[in-house]
Visitor: 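Let me give you the structure first, and then I'll get to my questions.
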2 protein chains.
Amino acid sequence: MTEAANDTAPRRPVTLTDVARRAGVSQPTASRVLNGSARTVADSYRTRVLEAARELGYTPNLAAQAIARGTSRTIALVISGISDPYFSAMATELMKQAEKYGMRVSIAVTERRVDRELDLVRELRGQQPQAIVLAGTGYVDPPNGDELVAELRRFEETGGRVVLISRTDLPFETVTFDNHEGARTLAAELSTLGYRRALVLGSGTPLLSMQQRVDGFVEGFAGEATIAYPDFSWEGARAHIRSLPDEELRSLELVFAITDDMALGAIAGLRDRGRRIPEEVAVAGFDDITTLRDVVPALTTVHVPLDQVAEETVRRALDGDAGGRTVPAHPVIRASTPPVRR
Amino acid sequence: MTEAANDTAPRRPVTLTDVARRAGVSQPTASRVLNGSARTVADSYRTRVLEAARELGYTPNLAAQAIARGTSRTIALVISGISDPYFSAMATELMKQAEKYGMRVSIAVTERRVDRELDLVRELRGQQPQAIVLAGTGYVDPPNGDELVAELRRFEETGGRVVLISRTDLPFETVTFDNHEGARTLAAELSTLGYRRALVLGSGTPLLSMQQRVDGFVEGFAGEATIAYPDFSWEGARAHIRSLPDEELRSLELVFAITDDMALGAIAGLRDRGRRIPEEVAVAGFDDITTLRDVVPALTTVHVPLDQVAEETVRRALDGDAGGRTVPAHPVIRASTPPVRR
DNA sequence: TTGTAAGCGTTATCAA
DNA sequence: TTGATAACGCTTACAA
């Protein structure tokens, strides 16, 4: 049967002092045993401490360690949202990499609100992480860019590291994939397939990396490209397509959206308007998110090697300046953009 | 005043002491101004402190606050993975709710490894969060259940709160949706549509909530249900369908998978085998994940009101025992399960 | 090798 | 209202 729990009164957590007292040693000795110290401790003591810790169910108070050591084995990641397949994949890869180095990743979410990014960084600084990683967003003309830079500089000055992913708008180390080149080669391949008229869906919010994709595509495309800038979302892309004038819709040959997310929104819009894909309209995206495995027809896109990006990022977050790095992004032609028959 | 502190980059982060000194007040006064204290401070002091803080770019050291206050405004969330649309949606909702109460959510990932759950909880306890929320998993016969319970009990004893989401395998407060009833009513509606032979894809790993879905479906289904237990994943469901004997495949009328993720895997498998959906085989899932908006034909499923779940969870994580709660889950019939024509 | 004592940045207590 | 001063749990010189 169950033993009667005598007291439900909230006790305080077991501390290192408790363990030391129980083991009959000093607090520092207990500390040396339990948390990797270079110092060696006599075996007899060591076992007594370990046993006491086990019996009491001791867990080191991370906050106390952080404050005593002046650093916490944490990488703070700022992303715009967790539900987004692209960002969640990125977060997963980063956590995987970080774990190799015994690092924790804490995630903060901007919800795509520009001002929150600054607030977040400010707050994160209070967590004294080893590094702050900013993924996503990256405005063409950052509204509060100066303040953000100042905040990040301050963080660097106190020994922290700053790494940006896929954004080159701030003067810090950046790991990126080649947005421009990826879109350019995609456009080239699509041109080879026979496409000559494209609608490019860019980002309504002026994001640098997204503009690079637009520019890259236009540069690599052999035909005529019309550019639109709907809201930067699935819904935005869908709404844009839905509101297209009939004649423009009918003349549509290929839609390139700067993200798979928007490409899928565009497809939804095209279907709403009764257009068949890819028979009547071809569609291509960018990112190669996991969701695509369930989409029919299979979506042509540009694959981004997130694992490599994550690896490079974590390395820079820890080891110090390795310099910026750009990993290549390659187009993947699938069923949504078949060769054009004329 | 004494030294030129304005242009010299401090190697250590700016502390409350720095701010106090600069403002010419005591540390406690600065603390009272900068961090919501009930105490009031003379306006002249208040402005001086605020100004000094701004000039120096002060950010409170969260670890120090946590240790001094004995509590950190944090909810620790344990989920099996971040890339999974269901869990990432859950995490998003929880963060949204938590923010209302000025709470931070820290995310830890088990990667579906049973043992990691225990390790994680142990480590999280070291973060001294206000609450630990365990979402997902929940084994029918927990391998190290006793240890996990002991660890969580310890956490509760020291004033922490434990909330489980959609798992009833541990003796703690639980917020759940009605897996059994949701699956049962879905099965009933499908029966009404004329379906009489179903293949049910359960979970290879024995998860309690998943078994409830299987049981609920079987109970509510008017015809004959065959149950299989492939690996609990998209790939598992797909592989199972792919390896089905020809005759069994041909006799397939309806596939119900316990999660949308597996349902989508099943669809992939069915397509690999050349079966058309829904003309030849109907498919239904559970969860109503966002991904479904891009899937054709639209997938019949059971909608889970994650926002409600999140709200109830956060409330319990903070306010104390409100008792367990079950929110209803309703079937949504879509194009993947049309009425049967005979 | 072990223990004493001094921090780490913040909050809480309690005089003044 | 304000400011010494003592915690909070842990690490790290420095002394024994």
Side-chain angles (χ1 to χ4, degrees), chain A residues 10-49 52-53 56-74 123 125-129 158-160, chain B residues 10-49 52-53 56-74 123 125-129 158-160:
Chain A
R11 299 177 310 200
R12 32 178 281 298
V14 175
T15 72
L16 193 56
T17 313
D18 298 330
V19 175
R21 184 160 40 219
R22 173 141 188 158
V25 301
S26 72
Q27 207 194 47
T29 299
S31 169
R32 296 193 260 257
V33 172
L34 293 172
N35 311 308
S37 161
R39 315 295 297 256
T40 43
V41 174
D43 269 0
S44 58
Y45 279 15
R46 153 168 257 100
T47 49
R48 292 224 316 258
V49 170
L56 294 174
Y58 168 75
T59 316
N61 182 320
L62 263 40
Q65 284 189 332
I67 199 185
R69 295 210 252 251
T71 173
S72 69
R73 298 185 67 74
T74 296
E123 189 186 315
R125 215 151 60 77
Q127 289 185 36
Q128 317 272 123
T158 60
Chain B
R11 277 199 51 211
R12 299 180 316 99
V14 175
T15 72
L16 194 55
T17 313
D18 299 330
V19 175
R21 183 161 40 219
R22 172 140 188 158
V25 301
S26 74
Q27 211 190 44
T29 298
S31 170
R32 297 193 262 257
V33 171
L34 294 172
N35 312 308
S37 163
R39 315 296 299 260
T40 44
V41 174
D43 268 359
S44 59
Y45 279 14
R46 150 167 260 101
T47 47
R48 289 217 328 252
V49 170
L56 295 173
Y58 167 75
T59 316
N61 183 321
L62 263 40
Q65 283 189 332
I67 199 183
R69 295 209 252 249
T71 173
S72 69
R73 299 186 67 74
T74 297
E123 189 187 314
R125 215 152 59 75
Q127 289 185 34
Q128 318 272 120
T158 59

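In what follows, chains are A, B, ... by sequence order, proteins preceding strands, each numbered from 1.
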Visitor: State which of D/dT2, C/dG3, D/dG9 makes the closest approach to the side chain of A/T29.
Guide: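 Nearest listed nucleotide: C/dG3.
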Visitor: Within a strict 4.5 Å, meaning less than it, do heavy atoms of the B/V14 and B/T59 side chains meet?
Guide: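 No, too far: nothing below the 4.5 Å cut-off.
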Visitor: Test for a donor-acceptor pair under 3.5 Å between the base of D/dG3 and the side chain of B/R32, counting only N and O atoms.
Guide: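 Checked by distance alone, the answer is yes.
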Visitor: Give the rounded distance in Å between these two atoms: CG of A/D18 and P of D/dC8.
Guide: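 Spelled out: CG on A/D18 to P on D/dC8 is 11 Å.
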Visitor: Looking at C/dT11, C/dC8, C/dT4, which one has an atom nearest to any side-chain atom of A/S26?
Guide: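 Nearest nucleotide to the side chain: C/dT4.
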Visitor: Within the pair B/N35 and C/dT11, is there a side-chain N or O less than 4.0 Å away from OP1 or OP2?
Guide: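 Affirmative; the distance criterion is met.
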Visitor: Rounded to the nearest Å, what distance is computed from the CD1 atom of residue A/I67 to the C1' atom of nucleotide C/dG9?
Guide: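 Result: 4 Å.
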Visitor: Which residue, B/P60 or A/P28, contacts DNA chain C at a nucleotide closer to its 5' end, judged by nearest heavy atom?
Guide: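 Its nearest nucleotide lies further toward 5', so the answer is A/P28.
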Visitor: If only side-chain N and O atoms of A/S31 are considered, is one of them under 4.0 Å from the OP1 or OP2 phosphate oxygen of D/dC10?
Guide: no
Visitor: Round to a whole Å and report the spacing from CG of B/D43 to P of D/dT1.
Guide: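 Atom-to-atom, B/D43 to D/dT1, this comes out as 12 Å.
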Visitor: Between C/dG9 and B/R12, is there an OP1 or OP2 to side-chain N/O distance shorter than 4.0 Å?
Guide: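 For C/dG9, OP1/OP2 do have a side-chain N/O of B/R12 under 4.0 Å.
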Visitor: Please determine, for the side chain of A/V25, which listed nucleotide (C/dT10, C/dG3, D/dC10) has the closest atom?
Guide: C/dG3
Visitor: Using side-chain heavy atoms (C-beta onward) and a distance below 4.5 Å, is A/Y45 in contact with A/V33?
Guide: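 The answer is no, as the side chains (C-beta and beyond) never meet within the 4.5 Å cut-off.
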Visitor: Quickly work out the A/L16 CG to D/dT12 P distance and round it to whole Å.
Guide: 12 Å
Visitor: Are B/R48 and B/D43 within salt-bridge range, i.e. N to O under 4.0 Å?
Guide: no
Visitor: So do B/L56 and B/R22 actually touch side chain to side chain, heavy atoms under 4.5 Å?
Guide: yes
Visitor: Taking atom C1' of D/dT11 as reference, at what distance in whole Å does atom CG of A/N61 sit?
Guide: 13 Å
Visitor: Counting just side-chain N and O atoms, does B/Q65 come under 4.0 Å of either OP1 or OP2 of C/dT11?
Guide: yes
Visitor: Could you check how far CD of A/Q27 sits from P of C/dT4, rounded to whole Å?
Guide: 11 Å
Visitor: Are any of A/T15's side-chain N or O atoms less than 4.0 Å away from OP1 or OP2 of D/dG9?
Guide: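 No, outside the criterion.
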Visitor: Quick one, A/Q128 with A/S72, criterion side-chain hydrogen bond (donor to acceptor under 3.5 Å, both in side chains). Give me CA distance, side-chain angles, the key distance, then yes/no.
Guide: CA-CA 6 Å; A/Q128 317 272 123; A/S72 69; over 6 Å; no
Visitor: For B/R48 and D/dT2, give me the distance from atom CZ to atom C1', rounded to whole Å.
Guide: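 It works out to 13 Å between those atoms.
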Visitor: How close or far is atom C1' of D/dG9 from atom CZ of B/R125, stated in whole angstroms?
Guide: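 So the CZ-C1' distance, B/R125 to D/dG9, works out to 15 Å.
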